[in-house]
2 protein chains.
Amino acid sequence: MSSRPSLSKGEMEVARVLWEIGAAGVREVFETLSNTSDMDYTTVQTYLRRLETKGYASSKLKGRLRIYTAKGRPGTVIRETVNDLVDRLFGGQSLPLVRHLIEDRGMSPKEIHELKVLLDQYEDDDSCDD
Amino acid sequence: MSSRPSLSKGEMEVARVLWEIGAAGVREVFETLSNTSDMDYTTVQTYLRRLETKGYASSKLKGRLRIYTAKGRPGTVIRETVNDLVDRLFGGQSLPLVRHLIEDRGMSPKEIHELKVLLDQYEDDDSCDD
DNA sequence: TCTTGAGACGTACAAATGTACGTGAGCCTA
DNA sequence: TAGGCTCACGTACATTTGTACGTCTCAAGA
């Protein structure tokens with residue numbers, strides 16, 4: 001199915017902003033990014049262009065301003081990216097990653113609780129598969 | 001401190017195998033990889049070389065065979081990579097990633113159980129920190 | 001009307017990445 | 001000891017990524 005080329009780090013950074021602020025022109029994305037990054041304006045522009053080429057955004061002119069819109073859900077990209085990471089770094093197993101996240105990055109008691117609830121829930125309506 | 005260049009996707013795949021099987025020659029890494037990947041033998045070789053250049057592995061000749069050994073713990077690379085991902089994709093929060101992993105990728109009952117045990121344990125001796 | 005600033009767009013280019021060929025040396029076997 | 005196999009290793013090369021310069025156009029103010 002949707003087998004668009006995956007996003008590079010820089011592209012992802014720009015894409016995230018697009019998801020965050022919705023449809024936006026280069027300037028807006030650039031401004032938003034400049035809090036955390038010091039990418040050049042034209043660099044952002046290039047990324048936006050490439051995002052469109054790769055199928056992660058679409059754009060149209062509004063007057064003489066080109067407005068970019070993220071295409072598809074962030075969830076899709078997240079899934080693809082995480083899957084990729086899990087495959088490459090953990091040989092396809094998610095548990096080690098989860099374990100790493102919990103052990104290494106830590107979680108608040110509240111989060112732990114939340115997670116447990118999730119697991120209970122999941123355990124219930126999970127029945128067969130694998 | 002250890003500011004070695006980060007690993008590319010392909011390099012990471014090879015690095016993982018090195019961590020997994022320990023010191024190994026190109027052939028072994030290649031064989032191991034061929035279960036999941038169809039990288040060329042010489043491609044693996046190149047990655048191994050680059051891994052060494054970047055400081056993620058060391059090697060020495062054993063007879064006429066070059067044996068590579070991972071340098072440093074996988075944990076370090078994993079941490080860097082995962083942190084990066086979490087920052088970029090989830091604004092620094094791990095829970096959403098964990099949730100994603102569980103919900104989207106699924107887990108076997110056994111894994112769920114394992115995870116719960118881990119959480120219990122973690123809940124207990126978790127006391128301070130953050 | 002002339003100037004200027006904002007922005008689009010084409011283009012460039014070095015570095016990193018993915019991929020692999022070819023050559024030459026050591027080793028095993030007929 | 002000649003042939004073939006296995007490796008190491010140098011090298012190559014297309015693609016992707018990171019980064020940004022110039023140029024052209026439009027629109028608004030002087």
Side-chain angles (χ1 to χ4, degrees), chain A residues 3-18 21 23-34 36-69 77 80-81 84-85 87-89, chain B residues 3-18 23-34 36-69 77 80-81 84-85 88-89:
Chain A
S3 194
R4 39 191 185 183
S6 66
L7 294 179
S8 74
K9 296 186 170 194
E11 288 162 347
M12 220 179 280
E13 217 167 320
V14 172
R16 181 170 45 81
V17 173
L18 253 202
I21 67 180
V26 181
R27 177 66 42 185
E28 284 156 280
V29 176
F30 170 69
E31 294 295 347
T32 307
L33 269 172
S34 53
T36 42
S37 166
D38 61 340
M39 245 180 240
D40 190 274
Y41 176 92
T42 49
T43 302
V44 173
Q45 195 172 35
T46 300
Y47 278 139
L48 249 6
R49 251 185 258 139
R50 306 227 258 236
L51 240 28
E52 183 166 23
T53 305
K54 289 191 174 183
Y56 289 91
S58 59
S59 79
K60 58 181 166 181
L61 283 173
K62 192 159 224 153
R64 23 182 259 89
L65 206 54
R66 185 164 294 279
I67 303 294
Y68 288 87
T69 315
V77 174
E80 282 162 14
T81 309
D84 192 76
L85 181 85
D87 285 348
R88 286 179 206 274
L89 218 47
Chain B
S3 195
R4 40 193 185 181
S6 65
L7 294 179
S8 75
K9 298 182 170 194
E11 287 162 347
M12 219 177 276
E13 218 167 318
V14 171
R16 178 174 56 80
V17 173
L18 254 202
V26 181
R27 175 69 41 186
E28 284 155 281
V29 176
F30 170 67
E31 293 295 346
T32 308
L33 269 172
S34 54
T36 43
S37 166
D38 62 340
M39 246 181 238
D40 189 273
Y41 177 92
T42 50
T43 301
V44 173
Q45 195 172 35
T46 300
Y47 278 140
L48 249 7
R49 252 185 257 141
R50 306 228 258 237
L51 240 28
E52 182 165 24
T53 304
K54 289 192 174 183
Y56 289 91
S58 60
S59 80
K60 59 181 165 181
L61 282 174
K62 192 159 225 155
R64 25 182 257 89
L65 207 54
R66 185 164 293 281
I67 302 295
Y68 288 87
T69 316
V77 174
E80 280 161 17
T81 309
D84 192 73
L85 181 84
R88 197 186 311 284
L89 231 44

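Chain A is the first sequence line, chain B the second, and so forth, proteins listed ahead of strands; every chain is numbered from 1. Quick caveat, the model's predicted, so the values are computed rather than measured.
- Going from atom OH of B:Tyr68 over to atom P of D:dC7 covers 13 Å, rounded to whole Å.
- Counting to the nearest Å, the C1' atom of C:dG10 and the CZ atom of A:Arg66 are 13 Å from each other.
- One finds no salt bridge joining B:Glu13 and B:Lys9 here, because no Lys/Arg side-chain nitrogen approaches an Asp/Glu carboxylate oxygen to under 4.0 Å.
- Between A:Leu18 and A:Tyr68, the shortest heavy-atom contact is CD2-O, 3.7 Å.
- Interface residues of residues 24-34 of chain B facing DNA chain D, ordered by number: B:Val26, B:Arg27; criterion, heavy-atom separation under 4.0 Å.
- If you take NZ of A:Lys62 and C1' of D:dC26, they are 19 Å apart, rounded to a whole angstrom.
- The distance between atom CG of B:Asp40 and atom C1' of D:dT6, rounded to the nearest whole Å, is 14 Å.
- Whole-Å rounding puts the A:Arg64 CZ to C:dA6 C1' distance at 6 Å.
- In this structure, A:Arg66 contributes its side chain and A:Val26 its backbone to no donor-acceptor pair below 3.5 Å.
- Side chain of A:Glu52 to backbone of A:Arg49: no donor-acceptor contact under 3.5 angstrom is found.
- Nearest heavy atom pair, residue B:Val29 against residue B:Ala24, reads CG2-CB, 4.0 Å.
- No donor-acceptor pair closer than 3.5 Å links the side chain of A:Tyr56 to the backbone N or O of A:Arg50.
- Look at CD on B:Glu13: it is 13 Å from C1' on C:dT17, rounded to the nearest Å.
- Nearer to the 5' terminus of DNA chain D, by closest-nucleotide assignment, is the contact made by A:Glu11 (compared with the other of A:Glu11 and A:Asp38).
- Proximity of B:Tyr41 to the phosphate of D:dT6: no side-chain N or O atom is located under 4.0 Å from OP1 or OP2.
- Contact annotation: B:Thr42 does not reach the phosphate of C:dC21 (side-chain N/O to OP1 or OP2, under 4.0 Å).
- B:Gln45 contributes no side-chain N or O that forms a donor-acceptor pair with the base of D:dC7 under 3.5 Å.
- Contact check for B:Leu7 versus B:Thr81: no side-chain heavy atoms found under the 4.5 Å cut-off.
- The CE-P distance, from B:Met39 to C:dG18, rounds to 8 Å in whole Å.
- Within residues 46-57 of chain B, the residues having any heavy atom closer than 4.0 Å to DNA chain C are, in order of number, B:Thr46, B:Tyr47, B:Arg50, B:Lys54.
- For B:Thr43, the listed nucleotide lying nearest its side chain is C:dT19; candidates were C:dT19, D:dA8, C:dG7.
- One can place NZ of A:Lys9 at 17 Å from C1' of D:dT19, the figure rounded to the nearest angstrom.
- You'll find the side chain of A:Met12 stays beyond 4.5 Å of the side chain of A:Arg16, heavy atoms only.
- Between the A:Lys54 side chain and the A:Ser6 main chain, a donor and an acceptor come within less than 3.5 Å of each other.
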